S.K.: 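Below is a structure I'd like to ask you about.
Computed from a predicted model, the values in this text were never measured in an experiment.
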Amino acid sequence: MRYELYYWPGIQGRGEFVRLALEDAGADYLDLALVPEDQGGGVPAMTRLLEGEGIERPGFAPPLLKAGRQLIGQTANILLFLGSRLDLAPRDVAGRLWTHQLQLTLADFVVEIHDTHHPLGPTLYYEQQRAAAKRRSKEFLAHRLPKFLGYFERVLQRNSGGGPGMVGTRLTYADLSMAQIIAGLRYAFPSASRRALASCSGLCALHDEVFARPRLKRYLSSERRIAFNDDDIFRRYPELDG
């Protein structure tokens, strides 16, 4: 099956968690964010799926994945669908649900990271909420960041499967997503994340192992990998890196 991924051009965003799974598995997929608009890609292609006539089950927002006749939205939902198909999830039901639960918790983490620079809402520019962002970031870095990282470090250490990741004997899509978040935190909060990760040796090792996987290593050095930038979830504003 050839998959089609629809997301905003120019940013990694939530679409990157799906890209990492597809790239790691060597899946056949078309990233419409990289296709020029005059060739049927970009924002118009995504908008047609979100707002077009005749879409019985439209998504609310990207990312969207087309798999045959199925149109699937929500990052965690897409990864739940892809996990067993790409051999990135356990085969047993309990293991798949646990992996999905971790991905949902990672989604909560991503929302809190995003809200450090847009605490008053995404319709306002950062410059319009700078004071609130500084206050929100201080709270996040002092309390929420160590709470989330500490939780995932415990999950990793308590994995009874003996594998390198958080679930079972092999890496899962949740591990790929965790590595992406660590990379994003290091970009957005280089000083604060270095301090927070100092007590999370397992997560640091997981990050290194994920991005050393041959297909992901090639992906990171390719033109398909969009660089971190300050229009995205992870944004580097030095005044927020407390």
Side-chain angles (χ1 to χ4, degrees), residues 5-20 31 33-34 42-43 46-47 50 59-64 73-79 102-153 174 176-200 203-204 206-207 210-211 220 225-242:
L5 177 63
Y6 295 78
Y7 198 67
W8 298 105
I11 62 172
Q12 294 180 13
R14 291 168 177 81
E16 194 67 13
F17 300 110
V18 181
R19 290 189 188 103
L20 289 175
D31 188 347
L34 302 179
V43 173
M46 183 177 67
T47 303
L50 292 171
F60 177 74
L64 298 167
Q74 292 287 355
T75 305
N77 199 35
I78 293 170
L79 291 170
L102 291 172
Q103 189 67 42
L104 291 170
T105 308
L106 287 167
D108 293 339
F109 195 8
V110 168
V111 169
E112 295 204 25
I113 293 167
H114 171 271
D115 287 354
T116 59
H117 52 77
H118 273 72
L120 303 183
T123 60
L124 300 175
Y125 290 108
Y126 168 69
E127 289 72 20
Q128 296 173 288
Q129 49 192 314
R130 190 188 298 268
K134 192 168 184 178
R135 182 176 179 181
R136 180 65 174 266
S137 295
K138 184 178 180 180
E139 170 71 14
F140 172 79
L141 295 177
H143 302 289
R144 302 299 289 169
L145 179 60
K147 185 178 182 69
F148 273 105
L149 292 178
Y151 169 73
F152 287 111
E153 179 75 11
L176 308 187
S177 295
M178 183 76 254
Q180 168 67 6
I181 288 176
I182 292 172
L185 287 168
R186 286 173 168 168
Y187 170 81
F189 302 103
S191 297
S193 65
R194 182 169 58 251
R195 293 192 299 270
L197 287 166
S199 59
C200 299
L203 291 178
C204 292
L206 175 63
H207 166 276
V210 165
F211 287 119
L220 261 61
R225 170 76 164 185
I226 300 167
F228 286 110
N229 62 73
D230 294 337
D231 293 317
D232 211 334
I233 292 169
F234 302 99
R235 303 190 185 187
R236 180 176 290 177
Y237 297 120
E239 64 269 26
L240 302 186
D241 188 15

S.K.: Please round to the nearest 0.5 Å and tell me the distance separating atom CG of Leu149 and atom SG of Cys200.
M.R.: 5.0 Å
S.K.: Give the minimum heavy-atom separation between Thr75 and Arg14, together with the two atoms involved.
M.R.: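 Closest heavy-atom pair between Thr75 and Arg14: OG1-CB, 3.4 Å.
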S.K.: Let me confirm one number: the OG-CG distance from Ser193 to Leu145, rounded to the nearest 0.5 Å.
M.R.: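 With rounding to 0.5 Å, OG (Ser193) is 7.5 Å from CG (Leu145).
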S.K.: Compare all side-chain heavy atoms of Arg136 with those of Gln129 and state whether any distance is below 4.5 angstrom.
M.R.: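 In short, these two side chains do not touch, never coming nearer than 4.5 Å.
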S.K.: Kindly give the heavy-atom pair with the smallest separation between Gly13 and Asp232, and that separation in Å.
M.R.: N-OD1, 2.9 Å
S.K.: Could I get the full list of side-chain contact (heavy atoms from CB on, under 4.5 Å) partners for Ser191, not counting sequence neighbours?
M.R.: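 Testing Ser191 for side-chain contact (heavy atoms from CB on, under 4.5 Å), a comparison that skips the adjacent residues, returns Arg194, Arg195, Asp241.
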S.K.: Distance check, rounded to the nearest 0.5 Å: Leu79 atom CG versus Gln103 atom CD?
M.R.: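 Rounded to the nearest 0.5 Å, the CG-CD separation comes out at 5.0 Å.
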S.K.: Looking only at heavy atoms, what is the nearest atom pair of Asn229 and Gly10, with distance?
M.R.: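 Shortest heavy-atom contact: ND2-O, 3.0 Å.
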S.K.: Just by distance, do the side chain of Ser137 and the backbone of Lys134 share a donor-acceptor pair under 3.5 Å?
M.R.: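 No, because the side chain of Ser137 does not come within donor-acceptor range (under 3.5 Å) of the backbone of Lys134.
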S.K.: Would you say CZ of Arg130 has more than 12 non-hydrogen atoms from neighbouring residues, nucleotides or ligands within 6.0 angstrom?
M.R.: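 Count over threshold, so yes.
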S.K.: In Å and rounded to the nearest 0.5 Å, what is the CZ to CZ distance from Arg235 to Phe228?
M.R.: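 Answer rounded to 0.5 Å: 13.5 Å.
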S.K.: Enter the distance from Ile113:CD1 to Phe140:CZ here, rounded to the nearest 0.5 Å.
M.R.: 4.5 Å
S.K.: Before giving the answer on side-chain contact (heavy atoms from CB on, under 4.5 Å), spell out for Phe17 and Met178 the whole-Å C-alpha distance, their side-chain angles and the decisive distance to 0.1 Å.
M.R.: CA-CA 9 Å; Phe17 300 110; Met178 183 76 254; over 6 Å; no
S.K.: Given 3.5 Å as the limit, does a donor-acceptor pair link the side chain of Glu153 with the main chain of Ser199, or not?
M.R.: no
S.K.: What pair of heavy atoms forms the shortest contact from Asp230 to Arg236, and how long is it?
M.R.: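 Here Asp230 and Arg236 meet closest at OD1-N, 2.9 Å.
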S.K.: Ring-plane angle category for Phe109 and Phe148, please: parallel below 30°, perpendicular beyond 60°, tilted otherwise.
M.R.: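 Phe109 and Phe148: parallel rings.
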S.K.: Apply side-chain contact (heavy atoms from CB on, under 4.5 Å) to Arg225 and Leu20, showing your working.
M.R.: CA-CA 10 Å; Arg225 170 76 164 185; Leu20 289 175; 4.2 Å; yes
S.K.: In Å, rounded to the nearest 0.5 Å, how long is the span from OG1 of Thr105 to OH of Tyr151?
M.R.: 5.0 Å
S.K.: With sequence neighbours excluded, give me every ring pair (Phe, Tyr, Trp, His ring centres under 6.0 Å) pair touching residues 116-137.
M.R.: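 Matches after skipping sequence neighbours: His114-His117, His114-His118, Tyr126-Tyr237.
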S.K.: Taking only residues at least two apart or on different chains, which pairs with a member in residues 138-152 satisfy salt bridge (Lys or Arg N to Asp or Glu O under 4.0 Å)?
M.R.: Glu112-Arg144
S.K.: Ignoring hydrogens, what is the shortest heavy-atom contact between Pro62 and Trp8? Give both atom names and the distance.
M.R.: CG-NE1, 3.4 Å
S.K.: Can you name the nearest heavy-atom pair linking Gly15 to Pro63, along with the distance?
M.R.: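 Answer, listing the atom of Gly15 first, then Pro63: CA-CB, 4.1 Å.
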S.K.: Please evaluate residues His207 and Leu197 with respect to the criterion side-chain contact (heavy atoms from CB on, under 4.5 Å), reporting the C-alpha separation (whole Å), side-chain torsions for both, the decisive distance (0.1 Å), and the verdict.
M.R.: CA-CA 11 Å; His207 166 276; Leu197 287 166; over 6 Å; no
S.K.: Tell me if a side-chain donor or acceptor on Arg186 pairs with a main-chain N or O of Ala183 at a distance below 3.5 Å.
M.R.: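 Not a single qualifying donor-acceptor pair exists.
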